[in-house]
Number of protein chains: 2
Amino acid sequence: MVRVIPSTAKHAHRDSHDLTERLRAAGLRPTRQRIALAGLLFDQGDRHLTAEDLHSEAARAGVKVSLATIYNTLHQFTESGMLKQVAVDAHRSYFDTNTGSHQHFYCEDDGALIDIPGEAIAVSGLPMPPKGMDVERVDVVVRIRKR
Amino acid sequence: MVRVIPSTAKHAHRDSHDLTERLRAAGLRPTRQRIALAGLLFDQGDRHLTAEDLHSEAARAGVKVSLATIYNTLHQFTESGMLKQVAVDAHRSYFDTNTGSHQHFYCEDDGALIDIPGEAIAVSGLPMPPKGMDVERVDVVVRIRKR
DNA sequence: CTCTTATTTAGAATGCTTCTAATCTGATTG
DNA sequence: CAATCAGATTAGAAGCATTCTAAATAAGAG
């Protein structure tokens, strides 16, 4: 009986190459840790996760990475525009792999975030920002809870 | 020469009485600490401040209050609707004495918050919340920075 | 005034994040 | 391909805001 090489092997190779290029483009050395974390972050659609989430996910995936590196990497990815940081609650800070313009439902019961597509929503009547200041971005958080 | 009783004395008395009633209405015993903190919080218009801000303000005003009480009080006031908590940044958590519907500019350079009146701004195109959930409130944060 | 219960408090504990200094690795050069 | 060196990673310490704990204090009822 022939053991079929899983197709993920091929993907892993292709992805790893893409990720390497992506890191280089961001001015970051494609190290083992950064490639692994980028794989976890970007290989499964839009995600919202905390530093701790990513750390345990890496552990589960058998990637040995220190918590310090998790933080460094999340911040570097955020600075280079690969991630967006979402401040939703004094207690929880999420990193969002969807860097496009979009907004969130925030469930106060369990802390879950749900994307709201950017096209769906519109904010009107914004006053001018104070003199000498530019608008960086507009965040909308719709706080919801179980009825 | 007659020493005139400062008019603030009269106000202090009136305010203190009002505050006492307000605390009672919220189901909170009007203790020395809560009355003093309520005075600092509500006697000077709309304010955005952190626990640490209030603590040092109390110290400056000669009111002896522990930090634990500051936190307890801020949370109790928030639960009873006298304050609103504003999550704007992973690092800074503000309490807002303006509990009406309004939004904020957030200056990423220095962490300052500036009110945007609720009437000015409108959010349209909000999708329905997931089944069984109610919208609690919609927060808009306009992030600005120096040009 | 006494009793009961809520409140306050100092200080310890927690949790998340950043810092430090040492070690290691990726990339470049000879 | 070995040496080099700046950049990256790491364990653990440190930092900071917040919460917890257990004991002391103060408010309100009777």
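Every chain is numbered from 1, with letters handed out A, B, ... down the list of sequences.
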- Note on the structure: In B:His102, B:Gln85, B:Lys84, the residue satisfying side chain to side chain donor-acceptor pair (under 3.5 Å) with B:Asp96 is B:His102
- Output the residues of residues 106-113 of chain B in contact with DNA chain C, where contact means a heavy atom of the residue under 4.0 Å from an atom of the strand; sort by number or write none. none
- Item | With A:His48 via ring-ring contact (aromatic ring centres under 6.0 Å, His included) - residues at least two apart | A:His104
- Message: Taking the cut-offs as 6.0 angstrom to the six-membered ring centre and 45 degrees off its axis, would you call A:Arg22 and A:Phe42 a cation-pi pair?
- Response: yes
- For B:Leu37 and B:Ala58, which heavy atoms make the closest approach, and how far apart are they? CD2-CB, 4.2 Å
- Item | Side-chain (A:Asn98) to main-chain (A:Gly100) donor-acceptor, under 3.5 angstrom | yes
- Enumerate the residues from residues 68-86 of chain B whose closest heavy atom to DNA chain C is under 4.0 Å, giving them by residue number; use none for an empty result. B:Ala68, B:Thr69, B:Asn72
- Task: Find out if a path of hydrophobic residues (ILVMFWY) with successive side-chain heavy-atom gaps under 4.5 Å connects B:Leu113 to B:Ile144.
- Result: no
- Would you check if the side chain of B:Gln33 reaches a backbone N or O of B:Val63 as a donor-acceptor pair within less than 3.5 Å? no
- Item | Toward the 5' end of DNA chain C, by each residue's nearest nucleotide, B:Leu67 or B:His91 | B:Leu67
- Message: So does B:Ala112 get a backbone contact from the side chain of B:Arg92, meaning a donor-acceptor N/O pair under 3.5 Å?
- Response: no
- Query: Between A:Lys64 and D:dA11, does any side-chain N or O lie under 4.0 Å from OP1 or OP2?
  - Reply: yes
- Message: Between B:Leu28 and B:Thr73, is the side-chain contact (heavy atoms from CB on, under 4.5 Å) condition met? List the steps.
- Response: CA-CA 10 Å; B:Leu28 299 169; B:Thr73 303; over 6 Å; no
- Query: What residue pairs, at least two apart or across chains, pass salt bridge (charged side-chain N to carboxylate O under 4.0 Å, His left out) with a residue in residues 49-61 of chain A?
  - Reply: A:Arg47-A:Glu57
- Look only at the side chain of A:His55 and the backbone of A:Ala51, and say whether a donor-acceptor pair between them is shorter than 3.5 Å. no
- Interface with DNA chain C, restricted to residues 26-40 of chain A and to heavy atoms under 4.0 Å: A:Arg29, A:Pro30
- Counting N and O atoms only, with roles assigned by atom type, does the side chain of B:Arg29 sit under 3.5 Å from a partner on the main chain of B:Arg34, one being a donor and the other an acceptor? no
- Message: What range of DNA chain C does chain A touch, first nucleotide to last, counting atoms under 4.0 Å from its heavy atoms?
- Response: C:dC16 to C:dA27
- Item | A:Leu83, A:Leu40, A:Asp43 screened by side-chain contact (heavy atoms from CB on, under 4.5 Å) with A:Thr97, the one that passes | A:Leu83
- Query: Within the structure shown, what part of the strands sits under 4.0 Å from A:Arg24 by heavy-atom distance: base, sugar-phosphate, or nothing?
  - Reply: sugar-phosphate
